[in-house]
Amino acid sequence: MFALVDANNFYVSCHRAFDPSLKGKPVVVLSNNDGCCVARSNEVKALGVKMGTPWFQLYDLAKQHGIIALSSNYCLYGDVSLRFMRILAQFSPVQEVYSIDECFLDFTGFNYIDMTGYGQTIRQRVLQWLGLPVCVGIGPSKTLAKLSNYVAKKREQHQGVFDYSRLSQQEQDELVSSIEVGEVWGIGRRLSERLARQGIETVKDLRDADTKTLRRQFSVVVERTVLELRGVSCLDLEEVAQAKKEIVSSRSFGKLVVKLDDLQQAVASYTSRAAEKLRRQHSVAGALQVFLQTNPHKTGELQYHPNILIPLIEPTADTGLLVSHAMRGLKRIYKPGYRYQKAGVMLMDLSGAKTSQPDLFSHVSTQDRQKSQRRMETLDHINRKMGRGTLRLAAEGFQHTWKVRTDYPSPCYTTRWAELPIAYAK
DNA sequence: TCTGGGGTCCTAGGACCC
DNA sequence: TCTGGGGTCCTAGGACCC
């Protein structure tokens with residue numbers, strides 16, 4: 001038995017927890033550069049605003065209904081998420097942190113208690129300790145727990161907790177025939193369209209379809225989803241987060257960039273950020289990819305989105321080395337005359353730092369390797385203690401004119417001394 | 001003016017091996 | 001007329017997730 005606990009409108013709720021004046025008002029949280037809506041309060045959803053809508057398209061609607069926009073504040077969300085997961089850990093011995101705002105809990109053996117009541121306790125605890133509204137879905141497979149969570153969110157009569165396993169066969173049939181197939185975890189837009197052409201439109205249609213045929217026509221993934229819908233658990237809980245197989249750091253610019261010099265600073269900064277993530281999971285990279293992009297929405301402008309793959313002779317996690325390779329790659333693909341909107345770096349071919357093989361004919365001495373390692377440890381230590389970017393490569397530069405735009409910033413309430421919220425007693 | 005960032009898995013096809 | 005059988009690795013593309 002599984003439970004899925006999922007925060008409601010997570011980013012919006014994080015802001016509301018620290019700024020109660022936002023409660024009951026239409027609020028959106030914007031992506032980097034204040035580009036599009038990545039979180040919407042219920043009031044905004046009710047106005048018909050879709051996920052991912054560009055903010056500039058909402059100016060009129062916003063004025064009309066007093067929609068409040070907030071720039072995204074990832075230091076806040078990350079910290080609230082940590083606290084959220086820590087609270088949930090008290091409710092089950094086995095926990096899978098699935099995303100920043102979602103968590104699977106193992107409810108195996110919980111059948112003897114009232115799981116719906118237990119779910120309510122979880123909701124109340126998280127609300128009281130963190131100010132975060134959440135919903136709980138319970139079911140005999142992860143896919144059904146997900147589906148139950150959807151029901152808990154959409155149908156108010158369940159008060160935020162829904163347990164699929166409590167339904168009779170007939171109630172199950174009624175429920176799944178009232179939900180569109182696209183709501184199922186793993187069935188996206190494309191698959192929904194293709195399934196609809198075969199007459200599979202509701203969750204019930206999919207659950208009762210022939211697995212062999214689906215596997216032949218689609219894939220083993222769809223087949224697994226069908227089994228999960230029938231209550232046959234195929235997906236295990238993953239308690240320990242697996243090390244990433246690739247690490248990306250990329251960003252759209254606050255304004256279009258033309259000069260190689262600016263791109264170099266940006267790519268050096270992104271590479272340095274990616275290398276940090278790489279070392280945090282104790283990996284080294286065997287290859288690195290650099291890419292650039294012009295603005296695809298400007299149809300009148302010349303488009304160019306090159307990328308280059310740079311294999312490294314010897315895997316490394318050294319920021320300096322990675323940056324110098326990235327710079328070499330950037331120079332190869334950079335062409336003047338374009339207005340670039342975005343740049344990025346991907347570290348690939350990752351392997352464990354302890355187990356990675358040095359090159360047989362390497363010109364790097366063991367001593368140099370150890371020096372590099374100590375240098376990176378020192379760098380990370382200082383930046384962890386004093387704040388990201390305190391110590392950095394000169395190549396990253398300081399005059400970041402292309403930096404992301406943040407028009408509606410909010411305090412890092414829980415992670416910066418200067419921005420702690422202050423409570424007054426009357 | 002203005003459109004995010006970061007991931008994973010599966011499959012088919014090509015190239016190559018004995 | 002007619003040309004084996006079994007396997008691996010890599011890549012690109014498509015689909016999905018948050």
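Note on naming: letters A, B, ... go to the chains in the order of the sequence lines (proteins, then strands), and numbering restarts at 1 for each one. Side chains included, hydrogens not; waters and symmetry mates left out as well; all remaining heavy atoms used. Just so it is clear, the structure is predicted and the values come from calculations on it, not from any experiment.
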Considering only side-chain heavy atoms of [X], which listed nucleotide, [options], is closest?
X        : options              : value
A/Val248 : B/dG6, B/dT8, B/dT11 : B/dG6
A/Val38  : B/dG5, B/dT3, B/dG4  : B/dG4
A/Lys298 : B/dT3, C/dC18, B/dT1 : B/dT1
A/Val220 : B/dT11, B/dT3, B/dG5 : B/dT11
A/Asp101 : B/dT1, C/dC18, B/dG6 : C/dC18

Distance check: side-chain N/O of [X] vs OP1/OP2 of [N], anything under 4.0 Å?
X        : N      : answer
A/Lys146 : C/dC17 : no
A/Arg405 : B/dT1  : no
A/Ser31  : B/dT3  : no
A/Lys245 : B/dG6  : no
A/Arg251 : B/dG6  : yes
A/Ser99  : C/dC17 : no

What is the nucleic acid contact for [X], judged by heavy atoms within less than 4.0 Å: base, sugar-phosphate only, or nothing?
X        : result
A/Lys342 : sugar-phosphate
A/Ser249 : sugar-phosphate
A/Arg273 : nothing
A/Glu246 : base

What integer distance in Å separates [X]:[atom1] from [N]:[atom2]?
X        : N     : atom1 : atom2 : result
A/Asn33  : B/dC2 : CG    : P     : 11 Å
A/Tyr270 : B/dG4 : OH    : C1'   : 12 Å
A/Glu238 : B/dG7 : CD    : P     : 16 Å
A/Met51  : B/dT3 : CE    : P     : 17 Å
A/Arg280 : B/dG6 : CZ    : P     : 13 Å
A/Phe56  : B/dC2 : CZ    : C1'   : 5 Å
A/Ile247 : B/dG5 : CD1   : C1'   : 14 Å
A/Tyr98  : B/dC9 : OH    : P     : 11 Å

Checklist line | 5'-most by nearest nucleotide on DNA chain B - A/Gln341 or A/Phe218 | finding: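 Looking at the nearest nucleotide for each, A/Gln341 comes out on the 5' side.
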
Margin query: Nearest heavy atom decides the nucleotide; on that basis, is A/Arg224 or A/His297 closer to the 5' end of DNA chain B?
Written below: A/His297

Margin query: Strictly below 4.0 Å, N to O, side chains only: are A/Glu183 and A/Lys154 in salt-bridge contact?
Written below: no

Checklist line | Carboxylate-amine/guanidinium contact A/Arg16 A/Glu43, below 4.0 Å | finding: yes

Margin query: Is it the case that the ring center of A/Tyr340 lies less than 6.0 angstrom away from the ring center of A/His305?
Written below: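 Centroid separation for A/His305 and A/Tyr340: 6.0 Å or greater.
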
Next item on the list: Report yes if the distance between the aromatic ring centroids of A/Phe104 and A/Trp185 is under 6.0 Å, otherwise no.
Entry: yes

Checklist line | Side-chain (A/Glu419) to main-chain (A/Cys412) donor-acceptor, under 3.5 angstrom | finding: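 The answer is yes, because a donor-acceptor pair under 3.5 Å joins these two groups.
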
Checklist line | Exercise: identify the closest heavy-atom pair between A/Cys234 and A/Leu227 | finding: SG-CB, 3.8 Å

Next item on the list: Compare every heavy atom of A/Ser410 with every heavy atom of A/His15, then report the nearest pair and how far apart it is.
Entry: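 Looking at all heavy atoms of both residues, the closest pair is CE1-OG, 3.1 Å.
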
Item checked: The single option from A/Glu102, A/Glu238, A/Glu228, A/Glu96 passing salt bridge (Lys or Arg N to Asp or Glu O under 4.0 Å) against A/Lys142 ->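 With A/Lys142 as partner, salt bridge (Lys or Arg N to Asp or Glu O under 4.0 Å) holds for just one option, A/Glu96.
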
Margin query: By the definition ring pair (Phe, Tyr, Trp, His ring centres under 6.0 Å), identify the one residue from A/Tyr118, A/Tyr164, A/Phe2 that meets it with A/Phe107.
Written below: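 Output: one option passes, namely A/Tyr118.
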
Notebook entry, point to check: B/dG4 and C/dC17: how far apart are their C1' atoms, nearest whole angstrom?
Noted result: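 Rounded to whole Å, the distance is 15 Å.
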
Note to self: Below 4.0 angstrom, which residues in residues 183-204 of chain A have at least one non-hydrogen atom near DNA chain C?
What the structure shows: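 Residues of residues 183-204 of chain A that come under 4.0 Å of DNA chain C are, in numerical order, A/Val184, A/Trp185, A/Gly186, A/Ile187, A/Gly188, A/Arg189, A/Arg190, A/Leu191.
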
Notebook entry, point to check: Across all strands shown, which nucleotide pairs with C/dA12 by Watson-Crick or G-U wobble geometry, both distances under 3.5 Å?
Noted result: B/dT11

